[in-house]
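One structure, pasted below without further comment.
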Amino acid sequence: MAVTPLILFSNPRAQYQAHQDEMDAAVRRVLRSGKYILGENVEAFEVEFAQFLDIPYAVGVGSGTDALHLALRALGIGAGDEVIVPVHTAVATVAAVCMAQAQPVLVDIEENGLTIDPNEVIKAITPRTKAVIAVHLYGQPVELSLLLAICAQNHLKLIEDCAQATGACYKERYVGTWGDIGCFSFFPTKNLGAIGDGGMVVTRHLGIAEKIQRLRQYGWDKHRLPLEMGINSRLDEIQAAILRVKLPFLLKDNEKRVKLAEKYHKGLGDLPLVLLSRRPETYSVYHLYVIRTKVREALLNYLKVHNISPGIHYPAPRYNLNAYLEKIKTKNFPVTEMIAEQILSLPLYPELSEDDHNHVISTIRAFFKMV
Ligand SMILES: Cc1ncc(COP(=O)(O)O)c(C=O)c1O
């Protein structure tokens, strides 16, 4: 008897299969070119990505984590400085602040949208605070007007962590273009994913773009003279070539995610679950479809038995950030602690088949008939 494949919460292989011929050809062209680092594909992709977002500068780097790390360094943020970060995020956001030698100051999230709570940001500001990182978690834009106002009043820089939100909009403008710097990840599972690591820094400021260009390559200027200390974090030609193939499909793929999310909303709306509500004036790109339930462990096990593999983004801070918490002053995050026990990321990616989608919905419905 044929075994039904597991329905994963994300599926980068399905993206490859959807564009296989173009991706194979793009990789082959790079292999034959003999130019593998910072060549024509990176240069062209930087221009195309900047045009897509309608922002002057985009600089390709090795990962989303490096994008955040280099963004902080480009803003002159380092030892002795504090950076406010939501506690409910990928560990990468916090790791990047530590990599820049700055002190992450974690703050709790809003229960509605599960993104950074602006009131907690205000409370966390000290004379050492230099920046806030707004994480557009799960593809959902943060309430940016409020954060921009807080940053302006307190002379803080705003960095947008758009790793999960490529193509998401706040007030009809793409996220990443609102703050001082926008940082993107092209990790394979992301809405715009490569076939390895990759990231991008975008900005309106030429000086910042030039600094990132130096920092991503040992601090080199155009003549390969190190003007300052940098690292090695370059987007490579193969990843850039793949991303050039996929960028033209991003809007359509995001629209497919939105449709799948709407169907989940309809199919699950009457169950005893908390569904994420959409913020007004935002376009969420549903990197993840996250539900909340008090019977999370039982539902998780039931779904696994029925060939469905959800994710948890993210476990409680004491697990998710345990190696980092030592450095953190506050450890009291009531909203994050509460929701971390309840959240579940359901399968959602553009190629998710109707049958599989229906199977997820009907399995969750069957579970709630039993409990
Ligand atoms: C919110 C967030 N920030 C940053 C990152 C880091 O991106 P990367 O894995 O490309 O370093 C990720 C990816 O896991 C993420 O989800």
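Predicted model only: the values in this text are computed from it and were never measured. Indexing begins at 1, ligand by ligand and atom by atom, following the structure's order.
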Reference residue P310; test side chain to side chain contact (heavy atoms under 4.5 Å, CB included); the match among I291, L300, I7: L300

Residue pairs passing the ring pair (Phe, Tyr, Trp, His ring centres under 6.0 Å) test where at least one lies in residues 148-170, sequence neighbours excluded: Y170-W178

Sequence neighbours excluded, every pair satisfying side chain to side chain donor-acceptor pair (under 3.5 Å) that has a member inside residues 240-253: Q15-K246, Q15-D253, N41-R244, E48-R244

Student check: side-chain heavy atoms of Y138 and S284 closer than 4.5 Å: no

Pairwise salt bridge (charged side-chain N to carboxylate O under 4.0 Å, His left out) hits with a residue in residues 59-76, at least two apart: none

For ligand 1, run through the N/O pairs with the protein that fall under 3.5 Å and put one pair on each line.
unit_1	atom_1	unit_2	atom_2	d
ligand 1	3 (N)	D161	OD1	3.2
ligand 1	3 (N)	D161	OD2	2.7
ligand 1	7 (O)	S185	OG	3.3
ligand 1	10 (O)	G64	N	2.8
ligand 1	10 (O)	S185	OG	2.7
ligand 1	11 (O)	G64	N	3.3
ligand 1	11 (O)	T65	N	2.9
ligand 1	11 (O)	T65	OG1	2.5
ligand 1	14 (O)	K190	NZ	3.1
ligand 1	16 (O)	Q164	NE2	2.9
ligand 1	16 (O)	K190	NZ	3.4

Electrostatic pair E341-R318, nearest N-O below 4.0 angstrom: yes

